[in-house]
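Below: the structure, in structure tokens.
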Amino acid sequence: MKNVIIFILFLLYATAIFFIPNNIFLLCPFMINMVLWIVTKSNIKKIVRNLLKIFPFVLLTFLINCWLDTYVNALWMAAKLLLVCNITFIYSQTTSTAQVAKTVRKLCTPLKVFKINPEVIEVLVAIALSILPIMKREYMEVKEACKAKNIPINLKNSKIILSRMLTSYLKRVDEIDEALIEKGYNY
């Protein structure tokens with residue numbers, strides 16, 4: 001039950017950040033994030049590294065918002081996005097994939113009324129969250145292979161790159177399917 005409450009609070013907090021007016025009140029979520037860094041004993045280097053990784057996305061969002069709105073509002077939106085990405089990183093560091101999947105299963109329990117099995121949803125969430133690092137690793141391998149063969153990564157060569165990645169992903173899906181069948185999971 002604790003994980004469900006934490007998950008719901010995380011979703012509410014992340015959503016509420018975007019509804020805070022563009023003013024000094026944005027310091028409150030910043031302070032909350034700082035307190036959560038301390039309480040969860042998060043590694044500051046990892047947090048900064050994560051923020052640097054997402055910075056190009058935040059910068060792109062800022063530029064698009066500058067084009068659509070004023071640069072001041074675009075700056076506020078970038079700050080809000082950084083706060084949400086930060087709290088998401090903290091949540092992901094303190095919660096395992098299995099815990100998230102179990103939490104989603106508990107939240108989906110009322111769907112039994114509609115004859116939807118929440119355990120199937122749990123397995124799907126666990127697989128989806130587990131496959132993301134694998135997909136990233138596969139992409140890096142394809143990128144390195146292209147670099148070794150002097151194939152530039154651009155739209156012209158995207159067919160080669162995407163076909164290799166899709167083939168790899170389909171093999172992974174087949175392996176997961178076989179593993180579920182061997183373990184007797186009936187879906």
Side-chain angles (χ1 to χ4, degrees), residues 2-15 17 33 36-61 78 80-108 117-149 151-155 157-185 187:
K2 175 185 159 193
N3 289 337
V4 172
I5 293 169
I6 291 172
F7 184 75
I8 290 171
L9 287 175
F10 160 70
L11 288 177
L12 290 173
Y13 175 70
T15 305
I17 287 174
N33 281 12
L36 287 172
W37 288 355
I38 296 166
V39 169
T40 60
K41 299 176 185 170
S42 297
N43 186 342
I44 301 299
K45 287 182 183 178
K46 282 185 178 181
I47 291 172
V48 171
R49 209 174 308 132
N50 179 62
L51 290 176
L52 289 174
K53 283 181 185 178
I54 63 160
F55 188 73
F57 170 70
V58 173
L59 184 63
L60 177 66
T61 304
K80 290 176 181 181
L81 190 58
L82 279 172
L83 285 171
V84 169
C85 290
N86 188 333
I87 192 65
T88 303
F89 180 74
I90 293 170
Y91 180 76
S92 70
Q93 292 296 306
T94 58
T95 311
S96 70
T97 301
Q99 287 174 324
V100 173
K102 287 178 185 175
T103 301
V104 171
R105 183 194 71 212
K106 288 177 184 174
L107 288 172
C108 292
N117 188 354
E119 291 165 358
V120 172
I121 295 172
E122 176 185 13
V123 171
L124 291 174
V125 168
I127 290 171
L129 292 175
S130 300
I131 202 87
L132 291 175
I134 294 169
M135 290 174 71
K136 181 180 177 184
R137 188 174 53 239
E138 292 288 335
Y139 171 74
M140 296 307 284
E141 288 176 7
V142 168
K143 186 177 172 183
E144 290 297 318
C146 287
K147 190 184 288 185
K149 296 177 183 179
I151 299 173
I153 298 177
N154 55 27
L155 285 176
N157 297 324
S158 64
K159 183 178 178 183
I160 297 167
I161 296 166
L162 290 175
S163 65
R164 166 68 176 106
M165 290 175 64
L166 185 61
T167 303
S168 177
Y169 297 155
L170 291 175
K171 284 181 186 177
R172 296 281 184 191
V173 169
D174 191 41
E175 290 171 2
I176 291 170
D177 184 45
E178 288 176 8
L180 287 172
I181 290 171
E182 286 178 14
K183 291 183 179 189
Y185 185 78
Y187 52 91

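What you see is a predicted model; the values in this text were computed from it and never measured.
- From R164, atom CZ reaches atom OH of Y169 across 9.5 Å, with rounding to the nearest 0.5 Å.
- The side-chain heavy atoms of I6 and T103, taken from C-beta on, include no pair separated by under 4.5 Å.
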Which donor-acceptor pairs under 3.5 Å do side chains of residues 82-95 form with protein atoms, sequence neighbours excluded?
| residue | atom | partner | partner atom | Å |
| --- | --- | --- | --- | --- |
| N86 | OD1 | W37 | NE1 | 3.0 |
| T88 | OG1 | V84 | O | 2.7 |
| S92 | OG | T88 | O | 3.4 |
| S92 | OG | F89 | O | 2.8 |
| T94 | OG1 | I90 | O | 3.1 |
| T94 | OG1 | Y91 | O | 3.2 |
| T95 | OG1 | Y91 | O | 3.1 |

What pairs of donor and acceptor atoms, side-chain ones from residues 45-56 against any protein atom, are under 3.5 angstrom apart with sequence neighbours left out?
none

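- For the atom pair N3 CG and I8 CD1, the distance stands at 11.0 Å (nearest 0.5 Å).
- Atom CZ of F10 sits about 7.0 Å away from atom CZ of F7, to the nearest 0.5 Å.
- Heavy-atom minimum distance, S158 versus L155: OG-O, 2.8 Å.
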May I have the list of side-chain donor-acceptor pairs in residues 124-149 shorter than 3.5 Å, sequence neighbours left out?
| residue | atom | partner | partner atom | Å |
| --- | --- | --- | --- | --- |
| S130 | OG | A126 | O | 2.7 |
| E138 | OE1 | S168 | OG | 2.5 |
| E138 | OE2 | S168 | OG | 3.3 |
| E138 | OE2 | R172 | NH2 | 2.9 |

